[in-house]
Amino acid sequence: MAIGAIDCDIHPGVPDIKALLPYMSEFWQESFIARGIDGFDMMSYPLNAPITCRPDWRVPGQRPGAGLDAMRDHALDHFDIGIAICNPLTGGQVAVSETMGAAICAAVNDWIKEQWLDKEPRLRASIVVPAQAPLLAAEEIERCANDRRFVQVLLPVACEMMLGRSYYWPIWEAASKYRLPIGIHAGSMYRYAPTPTGWPSHYLHDYVAQAQTFEDQLLSLMSNGVFNKYPDLKFVLLESGVTWLPSFIWRAVKTWRGVRAEVPWVNRSPADIIRANIRLTVQPFDAPDQSAVERIVGQIDADHMLLFASDYPHWQFEGDSIMPSGLSPDLQQKMRIENPLETYPRLKEAAQ
Amino acid sequence: MNAPVTWSNPSESRLGIIDCDIHPNPKPGALDAYLSERWRKHLSQYGKFVCGPYQDRGTYPRFSPAVSRRDAWPPSGGPPGSDLDFMREQLLDRYNIAYGVLEPLLGGNNSRNLDEAAALCGAMNDWQAHDFVDVEPRLRASILIPSDDPDASVKEIERRAGDWRFAQIQLGSKTSEPLGRRRYWPIFAAAQANGLSIGLHVGGTQSSAPSAGGWPQFYIEDHHVLVHSMQNQAASMILEGVFDAFPKLKVVLIEGGFAWAPHLAWRLDAHWAKMRDEVPDLKRKPSEYMKTNLWFATQPVDEPEHPDDLRQIFEWIGWDRLIYSSDYPHWDFDDPQLAFRFQMTEDEKRMLFRDNALDVYTFR
């Protein structure tokens with residue numbers, strides 16, 4: 001089988017509510033119109049912030065990533081991508097209202113089918129679900145999962161509670177049933193301060209601090225026994241950065257050795273659990289040079305964990321440097337094809 | 001249904017009505033003229049950097065467009081509250097408003113970036129003064145301040161204090177910490193020194209949940225529990241000794257309800273009686289500060305099942321503590337002729353619609 005690279009994190013720009021109304025029930029159509037409410041773009045990605053769109057990928061008059069033709073030109077064709085997994089970032093995932101959040105998420109899922117997947121056979125998508133309402137999220141997985149082009153379930157990294165809590169297990173249950181990995185993407189519901197010391201003054205600080213939230217959630221998932229209950233469930237950390245991982249593993253293992261009796265069900269080293277159940281996309285990588293990349297990859301010591309991604313249109317790299325330098329050709333090849341296929345079982349169907 | 005009580009029109013009184021809660025809105029781009037190039041560029045890139053999940057809206061989607069009366073959209077275009085002529089027609093002229101205090105709710109004071117907050121507050125202050133008060137001297141502006149930065153706040157207060165166009169200092173009912181904390185005292189010192197009252201309007205930062213139980217799901221809940229932020233600010237300022245340190249400080253609680261005030265006062269007093277040694281520096285009973293330092297704007301007026309119960313609430317709080325407010329152009333606007341459904345004497349009307357406000361605000 002010969003296919004192009006598999007891009008595990010690409011972002012079609014989600015439109016405003018008005019454009020999603022055709023994918024909503026009569027109640028929600030009337031509700032959004034009569035209440036005059038729109039403006040659900042996530043604070044996590046201000047539309048005009050540098051991170052949200054690489055300058056040369058901005059298209060005048062369009063939201064970042066909103067045009068399929070531009071996505072083809074800038075990413076799919078340009079980087080010889082065979083399959084790309086769309087991760088729509090939508091305010092539906094951060095709404096306070098469970099049912100409104102569910103309505104927006106469902107609309108985004110139907111919209112992406114019609115406006116992207118039907119038009120471009122290289123695209124796959126994550127199911128966006130309302131984590132505010134795990135039972136509704138599970139229903140949305142059930143509703144979408146029979147379309148094999150949905151290959152993952154997507155959540156923001158900072159929700160209303162720690163992700164290991166049993167409150168969320170209906171989501172993990174539904175995802176497991178369909179062998180769908182859980183993609184956790186940078187982004188916050190902002191129910192709490194985005195750092196343990198409060199609300200930073202700068203967006204830059206918020207963005208950088210999210211690597212810590214990924215750490216928090218990994219600890220929560222492990223400590224609460226999610227991987228005991230769902231040993232085959234994979235969590236893919238999307239846009240978390242990579243270089244934080246080794247020192248995280250070291251501390252997690254050391255602490256586990258010291259106090260593991262508190263959580264006796266965690267009967268494997270966190271390093272083993274992470275290597276078995278966690279995957280990461282490699283944009284951004286967050287390393288200064290080739291030697292740091294080499295060293296970090298050596299420390300992670302698990303080539304199967306890393307997944308190729310452009311993070312298009314987010315601004316993570318310049319020019320054609322989509323692959324962090326310092327990765328062996330063998331690892332690059334794994335990241336492009338083999339690792340995504342192992343992580344996302346449904347992609348194998350396309351590759352056959 | 002309770003029949004509306006007939007009474008002589010308060011707007012016939014010679015001095016007219018004072019309305020302490022009018023919401024002006026900028027036409028798109030109207031603030032740009034008052035922002036430096038540095039901040040115009042910053043805001044166009046990063047937006048207002050406030051707490052909350054969305055870039056362009058609060059956490060809770062409201063129930064009507066721009067939270068406004070559906071008839072308040074100016075025929076000339078622009079959002080409700082942006083057209084002065086239409087505001088005159090719908091409010092100032094129609095109800096014979098002698099003075100109206102502007103309460104812009106644009107989130108500038110809630111920016112997490114304190115320099116941005118200062119720039120936005122300064123711009124919104126200039127905009128109110130130039131675009132509204134200069135053109136319509138019945139209106140008065142609020143001094144918006146970046147309350148998390150006391151130095152910058154004091155600077156902004158002192159910059160505006162001698163300017164007749166500004167009637168009060170505005171704060172939100174949700175601040176980063178309870179308002180009684182000492183970090184806010186320089187603001188209270190500057191207010192007292194300059195003879196300016198604090199208008200504490202419901203709303204503010206979304207840095208914490210609107211309820212102690214967490215984040216409610218619906219606007220119908222969020223809107224209701226706004227009054228709890230107000231109750232806690234009152235309790236905090238009293239118990240932390242703000243009014244002992246600044247006995248002349250005047251605080252108007254705006255749009256935060258008032259029917260809770262008697263029971264909060266009773267409850268504070270009852271438990272203070274047993275635990276007063278925890279707050280040994282408090283000079284008086286908690287309820288007494290409510291009678292000397294707090295005023296209550298009436299909108300949205302509570303509607304007891306029996307209209308006379310509203311009179312009872314007024315009497316418990318004290319007729320001298322209540323100030324009429326309309327909340328124009330918001331959806332729950334209180335019409336001065338219809339909102340109060342019990343019989344008032346002429347004296348009571350004068351207090352509610354005019355004289356109490358004159359105790360708080362200095363209109364020059």
Side-chain angles (χ1 to χ4, degrees), chain A residues 16-17 28 31-53 55 89-104 130 132-133 156 158-161 187-195 198-207, chain B residues 40-70 72-73 79-80 107 110-118 146 148-149 175-177 205-211 213-222 225 331:
Chain A
D16 59 15
I17 293 291
W28 285 112
S31 190
F32 281 109
I33 292 168
R35 296 171 68 174
I37 44 181
D38 209 322
F40 286 85
D41 297 306
M42 290 172 79
M43 183 59 101
S44 297
Y45 291 91
L47 293 181
N48 294 323
I51 189 77
T52 309
C53 195
L89 301 174
T90 164
Q93 293 211 295
V94 298
V96 274
S97 161
E98 297 180 3
T99 48
M100 184 187 287
I104 298 174
Q132 311 87 328
C159 294
E160 288 168 323
M161 281 191 268
S188 176
M189 289 190 187
Y190 282 113
R191 303 293 191 269
Y192 303 101
T195 82
W199 297 82
S201 302
H202 302 105
Y203 175 76
L204 167 64
H205 188 159
D206 270 31
Y207 187 78
Chain B
R40 281 200 298 273
K41 180 162 183 264
H42 185 107
L43 290 162
S44 77
Q45 275 194 294
Y46 295 96
K48 256 183 265 174
F49 194 44
V50 295
C51 305
Y54 301 119
Q55 260 186 280
D56 299 323
R57 57 165 318 103
T59 303
Y60 289 89
R62 309 301 180 86
F63 202 68
S64 60
V67 213
S68 290
R69 279 166 41 173
R70 287 178 193 272
W73 291 77
N110 299 323
S111 175
R112 289 156 63 180
N113 179 327
L114 298 183
D115 294 332
E116 178 184 302
D148 278 336
D149 182 346
T175 41
S176 295
E177 288 187 61
T205 180
Q206 301 170 89
S207 59
S208 58
S211 114
W215 293 87
Q217 207 191 147
F218 299 108
Y219 174 59
I220 194 172
E221 301 166 87
D222 177 58
V225 301
W331 66 274

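On a predicted model such as this, the values are computed, not experimentally measured, just so you know.
For B/V50, the parts lying under 4.5 angstrom from a heavy atom of chain A are both the backbone and the side chain. Interface remark: A/M189 contributes backbone atoms only to the contact with chain B (heavy atom separation under 4.5 Å). In this structure, chain B has heavy atoms under 4.5 Å from both the backbone and the side chain of A/A95. With a threshold of 4.5 angstrom between heavy atoms, B/S44 approaches chain A through N, CA, C or O but not through any side-chain atom. Only the backbone of A/D38 comes within less than 4.5 Å of a heavy atom of chain B; no side-chain atom from C-beta onward does. Residue A/S31 does not touch chain B at all, counting heavy-atom pairs closer than 4.5 Å. Heavy atoms closer than 4.5 Å to chain A are found in both the backbone and the side chain of B/S207. Of the atoms belonging to A/Y45, it is backbone heavy atoms, and not side-chain ones, that fall under 4.5 Å from chain B. Within the 4.5 angstrom heavy-atom criterion, only side-chain atoms of B/F218, from C-beta onward, approach chain A. Contact annotation for B/E116: neither backbone nor side-chain heavy atoms come within less than 4.5 Å of a heavy atom of chain A.
Among the candidates B/D56, B/N113, B/L114, the residue making the largest number of heavy-atom pairs closer than 4.5 Å to chain A is B/N113. Top candidate by heavy-atom pairs under 4.5 Å with chain B, chosen from A/S97, A/A49, A/P194, is A/S97. Annotation: maximal heavy-atom pairing with chain B below 4.5 Å, among A/T52, A/L47, A/T99, occurs at A/L47.
Remark: A/A133 engages A/E98, A/L136 in a side-chain contact (heavy atoms from CB on, under 4.5 Å) (not counting sequence neighbours).
Side-chain contact check for B/R69 versus B/P80: every heavy-atom pair is 4.5 Å or farther apart. The side-chain heavy atoms of A/W199 and B/F49, taken from C-beta on, include no pair separated by under 4.5 Å. Between B/Q55 and A/P46, some side-chain heavy-atom pair lies under the 4.5 Å cut-off. With contacts defined as side-chain heavy-atom distances shorter than 4.5 Å, the pair A/P200/B/R112 qualifies.
In this structure, A/F40 and A/F32 have perpendicular ring planes: the angle between them is above 60°, well past the 30° mark. Note: B/W215 and B/Y60 have parallel aromatic rings, judged against thresholds of 30 and 60 degrees for the angle between ring planes.
Once rounded to the nearest 0.5 Å, the distance linking CE of A/M100 with CD of B/Q217 reads 9.5 Å.
Cation-pi contact between B/R62 and B/Y219: absent, since separation from the ring centre below 6.0 Å together with deviation from the ring axis within 45° is not met.
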